[in-house]
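Take a look at the structure below.
Because the structure is predicted, anything quoted here is derived from the model rather than measured.
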Amino acid sequence: MEKLRKVSRQEYLKKREKKMLDEIRDHIDDEKYLFGGVNLTQTEYREIRYKKQIYNLLKNTTDDEAYDREYRIPESHDDHPEKRFAAALQRYRDDPIDESRKTRLSEQETWEEHQIRKVTMKFGSKNRKRKQDDHDFVFVKMPDRAAFRNERETLPIYSYRDDLLRAINDHRVLIIVGETGSGKTTQIPQYLHEAGYTAGGKMIGCTQPRRVAAMSVAARVSKEMGVKLGREVGYSIRFEDRTSEKTVLKYMTDGMLLREFLRESDLASYSVVMVDEAHERTVSTDILFGLVKDIARFRTDLKLIISSATLDAEKFSDYFDSAPIFRIPGRRYPYEIHYTKAPEADPLDAAIVTVLQIHVSQPPGDGDILVFLTGQDEIETAEEILKYRTRRLGSKIAELVICPIYANLPTELQAKIFEPTPQGARKVVLATNIAETSLTIDGIKYVVDPGFSKMKSYNPRTGMESLLVRPISKASADQRAGRSGRTGPGKCFRLYTVHHFCNDLDDNTVPEIQRTNLANVVLILKSPGIKDPHKFDFMDPPPTEALLKASELLYALSALNEHGELTKVGRRMSEFPLDPMLSKMIVASDKYKCSHEIISIAAMLSVGNSIFYRPKGKQVHADNARLNFHVRDVGDHIALLKVYSSWKEADFSSQWCYENYIQVRSMKKARDIRDQLEGLLKRAEIELISNPNDLDAIKKAIVSGYFPHSARLQKNGLYRTVKHPQRVYIHPTSGLAQGLPRWVIYRLRSTCGKSPN
DNA sequence: GTTTCATTT
């Protein structure tokens with residue numbers, strides 16, 4: 001009975017999908033353009049063939065287990081952190097400003113003072129001593145050259161130099177465990193160079209997950225070696241290649257090495273590849289693992305170094321056929337960890353109270369406070385409350401300088417966290433995860449960790465990505481704690497219980513490759529001729545269904561043929577470092593003679609964050625400014641194009657951006673991406689043609705990339721996606737929110753929709 | 001009915 005119902009529901013869905021496809025055909029005059037030059041009957045035909053292929057694939061994987069593998073989709077947490085945050089935010093917004101609540105406030109005041117007095121009691125119990133990592137290289141001051149030799153020799157790694165070189169000589173793959181501060185990133189490549197691994201012009205490549213890291217480490221090493229940056233020592237990141245013929249030590253982002261691999265699939269110009277910060281498990285590092293492991297099998301002269309933080313060392317070793325592990329101690333200060341005795345009902349409130357407690361009970365000037373919060377909204381709220389409460393305490397306490405920091409904060413405001421704290425005051429830094437790995441702030445002694453962060457997750461069933469507030473992992477909690485006391489011993493206040501830490505938190509954060517849309521990954525894996533991404537040697541395989549979903553999308557975009565092989569279109573698409581739907585859009589623009597406009601749109605869309613600046617208190621002005629770019633119900637893509645061309649007409653002026661509530665940084669990034677895309681057109685055999693007035697042509701090109709994300713207006717005013725029966729609605733900030741066109745194409749988590757008519 | 005942690009090619 002149960003089974004029957006299931007099957008009939010599937011059939012029902014299938015029928016409905018077909019019906020919707022039929023309806024599309026009825027509503028669109030030019031049926032060719034909606035499906036990128038393929039008429040519908042053919043699409044249906046392909047769909048059937050593709051379903052068959054998936055069926056075969058599944059049959060070949062044999063075990064149902066693989067198919068049913070647990071998807072790493074975060075389940076809704078029992079106590080709904082999001083709801084709790086939302087409620088807390090609301091409460092605080094209503095709270096302090098309202099005059100009629102004075103009685104309640106004075107009660108709160110008494111309570112607060114009471115709390116502050118008993119501060120030492122509260123965190124007295126349950127200490128756990130931990131060691132602490134010392135320094136990254138990003139903001140290290142450069143001493144003069146004469147001092148370098150000495151300084152190099154005082155690094156912890158120096159005493160292991162000979163053993164290390166012997167181990168590398170004896171093994172093809174070596175796992176190196178060394179905490180930050182051991183000097184591995186700067187020293188190992190130099191040791192290898194001194195030992196002759198760069199003879200014959202071969203390079204030593206060292207990958208970093210972040211651009212700044214690659215740049216600054218290269219700068220540091222070139223100074224240590226006394227050579228000009230970009231000559232013997234260089235770096236290679238997107239938009240900037242500072243290497244030359246002479247370069248032997250090359251620092252680069254992991255994504256960059258991946259792109260290089262697509263051009264030179266045996267990495268012949270390298271004698272050593274060092275994958276640094278491997279524990280961060282970025283998608284690029286994870287793919288590199290598989291590729292590099294494969295290369296090392298036939299290139300016996302290639303040395304492989306995987307360097308990671310302590311926790312996963314055995315796992316890395318297992319993956320690389322029991323490669324030996326080499327441990328190097330770091331240079332650390334001790335830090336204490338304090339837990340709460342009982343769980344906190346309201347993490348934001350607890351964090352604020354803790355900050356005030358620390359501030360009042362500890363002498364000013366002994367160290368600053370770092371608080372980890374989940375996002376911009378929460379940081380802004382916390383800032384308001386803290387300002388309000390410290391103002392009320394007035395001269396009873398020392399000054400508290402509040403510094404918010406998150407990636408989307410305009411750069412000039414970000415600089416504030418690096419300003420030294422004034423005499424007699426204390427700085428409290430309210431940060432997102434950005435302070436966990438990407439930047440280090442001097443002078444932090446106290447860390448307040450409520451134990452949550454926002455995480456991207458991908459649901460392969462619906463093809464939807466979402467951002468959820470989730471408890472962090474143990475590794476992440478330790479990383480946060482380690483941020484205390486870079487300058488001396490520190491303290492970390494965890495706003496949860498020891499029990500929660502030990503029993504509820506995962507050991508490690510789920511690797512990104514298991515919670516992301518894999519379309520791009522599959523396209524990359526297809527290009528060098530890896531026959532089956534399902535058989536790719538992932539260290540942590542992504543869910544089978546996510547891979548299938550990705551292949552299915554690429555097939556629909558005609559990047560793969562019915563045998564799962566890369567087509568000509570697919571090859572042209574893979575030239576672009578973009579999401580496949582955007583790449584397809586560009587490839588299609590060749591046909592519609594509007595590549596000039598489409599690459600602008602693609603660049604604007606692929607700037608990670610929003611182009612529009614919407615500061616608190618000025619939302620109305622910002623929204624009005626944005627409306628200037630929407631001419632009637634023309635769609636948000638066209639609006640983005642207008643933003644870009646207006647900026648260009650204004651000579652790329654920053655002033656213009658301020659006047660129009662546009663993020664300068666995002667626009668500059670869009671311009672960089674656009675320039676790069678323009679350069680790549682030739683490789684993909686696309687002509688650069690401008691056709692700014694034919695909006696229909698532009699829309700057609702967009703649709704041929706984005707048709708898998710189309711949704712149709714229903715009678716009740718909501719939209720329903722075509723591919724999966726999923727209810728969606730247009731974000732109120734979209735230019736289409738009022739018009740409600742019959743059809744839209746959409747981009748998830750974003751303010752973009754557009755009508756195809 | 002009003003958003004979005006962090007990265008990267």
Using the test side chain to side chain donor-acceptor pair (under 3.5 Å), find all partners of T207(A) that sit at least two apart in sequence or belong to another chain.
none

Touch class at under 4.0 angstrom, heavy-atom based, for [X] against every strand present:
| X | result |
| --- | --- |
| L258(A) | nothing |
| F576(A) | nothing |
| Q376(A) | sugar-phosphate |
| S453(A) | nothing |
| T432(A) | sugar-phosphate |

Mind calculating the distance between [atom1] ([X]) and [atom2] ([N]) to the nearest angstrom?
| X | N | atom1 | atom2 | value |
| --- | --- | --- | --- | --- |
| E436(A) | dC5(B) | CD | P | 15 Å |
| Y235(A) | dT8(B) | OH | P | 13 Å |
| F372(A) | dC5(B) | CZ | P | 15 Å |
| D254(A) | dT9(B) | CG | C1' | 10 Å |
| L627(A) | dT2(B) | CG | C1' | 13 Å |
| I287(A) | dT7(B) | CD1 | P | 19 Å |
| N408(A) | dC5(B) | CG | P | 7 Å |
| L257(A) | dT9(B) | CG | P | 12 Å |

With E512(A) via salt bridge (Lys or Arg N to Asp or Glu O under 4.0 Å) - residues at least two apart:
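None.
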
Measuring from the side chain of [X] (C-beta onward, heavy atoms only), which nucleotide among [options] has the closest atom?
| X | options | answer |
| --- | --- | --- |
| I434(A) | dT7(B), dT4(B), dT8(B) | dT7(B) |
| R238(A) | dC5(B), dT9(B), dT7(B) | dT9(B) |
| K454(A) | dA6(B), dT3(B), dC5(B) | dC5(B) |
| P577(A) | dA6(B), dT9(B), dT3(B) | dT9(B) |

Closest-nucleotide ordering on DNA chain B, the 5'-leading residue of G375(A) and P209(A):
G375(A)

Whichever of I673(A) and N433(A) has its nearest DNA chain B nucleotide further upstream toward 5':
N433(A)

Quick one, L518(A) with Y458(A), criterion side chain to side chain contact (heavy atoms under 4.5 Å, CB included). Give me CA distance, side-chain angles, the key distance, then yes/no.
CA-CA 9 Å; L518(A) 296 173; Y458(A) 173 68; 5.9 Å; no

Pair F316(A) and F289(A), ring centroids less than 6.0 Å apart
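Yes, the ring centres sit under 6.0 Å apart.
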
Does a side-chain N or O from S284(A) land closer than 4.0 Å to OP1 or OP2 of dT7(B), or not?
no

Presence of R259(A) side-chain N/O under 4.0 Å of dT8(B) phosphate oxygens OP1/OP2
no

NZ (K668(A)) with more than 12 external heavy atoms under 6.0 Å
no

Keeping the roles fixed (side chain from R480(A), backbone from F372(A)), state whether a donor-acceptor pair exists under 3.5 Å.
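No.
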
